[in-house]
Q: 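I have a structure here, written as structure tokens, and I will follow up with some questions on it.
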Amino acid sequence: MSCVKGTLEANINLSKATCYFLRTGKCSLNIVGDFYISPSTKTAANDLLYCPRLYRAMCRKERMKPIAIVPCECGHAEVISGHQRACIASQKGLQLSMRPAGEEVKAACQVCGGQVTFDGESGGNRIVTLKALVYRD
């Protein structure tokens with residue numbers, strides 16, 4: 001297994017159903033300072049404490065699966081799983097473990113490819129810069 005470190009521009013896709021900022025207009029990472037929540041308490045992806053709780057776990061280096069990405073010929077990567085962790089890592093400058101989702105290489109990410117969606121719940125795609133730690137078999 002090999003490991004590659006560096007920065008990577010990746011396409012993430014969040015919506016009102018998966019992001020507090022897109023639901024309210026305010027990022028929960030900028031609102032919440034210190035908090036306590038029982039470990040057994042469930043939070044939805046667009047709840048106020050979801051990202052702060054995930055950020056805390058990422059800072060504590062709790063074991064999480066690497067996010068899955070698909071490389072694109074446009075030079076970006078497309079995040080398949082772990083969109084919230086990618087967003088948090090880009091905002092807070094954290095290093096993020098990644099793995100290729102398969103052997104597939106896409107021609108262009110959804111931003112460069114100009115894929116348009118008319119879904120009212122969609123927040124759209126955006127490019128974030130990540131400190132990557134990519135594992136390859």
Side-chain angles (χ1 to χ4, degrees):
M1 179 184 290
S2 64
C3 175
V4 179
K5 290 183 180 183
T7 58
L8 175 71
E9 288 189 335
N11 172 34
I12 61 172
N13 186 359
L14 296 170
S15 69
K16 291 179 182 179
T18 58
C19 178
Y20 185 80
F21 174 77
L22 292 173
R23 188 169 63 91
T24 65
K26 297 177 183 174
C27 180
S28 60
L29 293 174
N30 299 329
I31 296 171
V32 176
D34 196 19
F35 65 94
Y36 173 79
I37 187 167
S38 169
S40 62
T41 302
K42 300 287 184 192
T43 52
N46 66 355
D47 284 346
L48 175 66
L49 292 180
Y50 185 82
C51 286
R53 187 179 197 181
L54 190 54
Y55 173 58
R56 181 182 283 173
M58 291 168 72
C59 288
R60 290 181 178 164
K61 308 271 190 231
E62 291 182 16
R63 186 151 173 80
M64 294 182 195
K65 292 181 189 176
I67 67 169
I69 59 169
V70 173
C72 302
E73 291 177 4
C74 63
H76 299 124
E78 195 164 291
V79 175
I80 303 301
S81 68
H83 297 271
Q84 287 94 344
R85 286 185 286 148
C87 183
I88 292 166
S90 72
Q91 286 187 49
K92 298 296 187 177
L94 299 176
Q95 191 172 51
L96 193 58
S97 298
M98 302 177 189
R99 66 171 175 76
E103 298 297 318
E104 174 189 7
V105 175
K106 292 180 75 173
C109 69
Q110 291 181 1
V111 172
C112 294
Q115 182 173 334
V116 178
T117 178
F118 296 100
D119 182 7
E121 288 297 306
S122 177
N125 297 289
R126 66 185 170 114
I127 302 290
V128 295
T129 302
L130 302 169
K131 291 181 181 178
L133 183 61
V134 182
Y135 291 100
R136 299 180 62 170
D137 294 331

Q: Any chance you could measure Ile88, atom CD1, to Leu54, atom CG, to the nearest 0.5 Å?
A: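 Ile88 CD1 to Leu54 CG: 4.0 Å, rounded to 0.5 Å.
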Q: Hey, does the side chain of Gln84 reach the backbone of Thr18 with a donor-acceptor pair shorter than 3.5 angstrom?
A: yes
Q: Within this structure, what is the CZ-CE distance for the pair Arg60 and Met58, rounded to the nearest 0.5 Å?
A: 13.5 Å
Q: Of the non-hydrogen atoms in Cys51 and Ser28, which two are nearest, and what is the gap between them?
A: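 So the minimum-distance heavy-atom pair works out to CB-OG, 3.6 Å.
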Q: Quick one: CD on Glu9 to SG on Cys109, what's the gap to the nearest 0.5 Å?
A: 9.5 Å
Q: Taking all non-hydrogen atoms of both residues into account, name the closest pair between Ser81 and Val79 and its distance.
A: O-CG1, 3.4 Å
Q: Applying side-chain contact (heavy atoms from CB on, under 4.5 Å), run through Glu78 and Asn125 and close with a yes or a no.
A: CA-CA 10 Å; Glu78 195 164 291; Asn125 297 289; over 6 Å; no
Q: Hey, could you give me the CD1/CD1 distance between Ile12 and Ile80, rounded to the nearest 0.5 Å?
A: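 So the CD1 of Ile12 and the CD1 of Ile80 are separated by 13.0 Å.
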Q: Between Ile69 and Leu8, is the side-chain contact (heavy atoms from CB on, under 4.5 Å) condition met? List the steps.
A: CA-CA 11 Å; Ile69 59 169; Leu8 175 71; 4.0 Å; yes
Q: As an exercise, state the distance from CZ of Phe21 to NZ of Lys16, rounded to the nearest 0.5 Å.
A: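 Reported to 0.5 Å precision, the distance equals 12.0 Å.
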Q: Given the rule in the side-chain contact (heavy atoms from CB on, under 4.5 Å) test, do Arg126 and Cys87 qualify, once you have shown the distances and angles that lead to the verdict?
A: CA-CA 10 Å; Arg126 66 185 170 114; Cys87 183; 2.6 Å; yes
Q: Treating Ile, Leu, Val, Met, Phe, Trp and Tyr as nodes and any side-chain heavy-atom pair under 4.5 angstrom as an edge, say whether Tyr55 and Met64 lie in one connected cluster.
A: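 Looking at the clustering, Met64 is in the same group as Tyr55.
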Q: Are Leu14 and Leu48 connected in the hydrophobic side-chain network, where two residues link if heavy atoms are under 4.5 Å apart?
A: no
Q: Run Tyr20 and Ile31 through side-chain contact (heavy atoms from CB on, under 4.5 Å) and show every step you take.
A: CA-CA 11 Å; Tyr20 185 80; Ile31 296 171; 3.8 Å; yes
Q: Side-chain contact, heavy-atom cut-off 4.5 Å: Ser90 with Thr129?
A: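 Not touching, per the 4.5 Å side-chain cut-off.
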Q: Answer yes or no: is there a side-chain heavy-atom contact under 4.5 Å between Gln91 and Leu29?
A: yes
Q: Which residue pairs pass the salt bridge (charged side-chain N to carboxylate O under 4.0 Å, His left out) test with at least one member in residues 24-36, sequence neighbours excluded?
A: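 For residues 24-36: Asp34-Arg56.
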Q: Got a second to check how far Asp47's CG is from Arg53's CZ, nearest 0.5 Å?
A: 10.0 Å
Q: Answer yes or no: does atom NZ of Lys92 have more than 12 heavy-atom neighbours from other residues, nucleotides or ligands under 6.0 Å?
A: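 Correct, the count exceeds 12.
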Q: Cluster question for you: counting only ILVMFWY and a side-chain heavy-atom cut-off of under 4.5 Å, with indirect links fine, are Met98 and Leu94 together?
A: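 Met98 and Leu94: one cluster.
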Q: Using side-chain hydrogen bond (donor to acceptor under 3.5 Å, both in side chains) as the criterion, list what pairs up with Ser40, not counting sequence neighbours.
A: Ser38
Q: What's the shortest heavy-atom distance between Ala101 and Ala68, and which atoms?
A: CB-CB, 4.1 Å
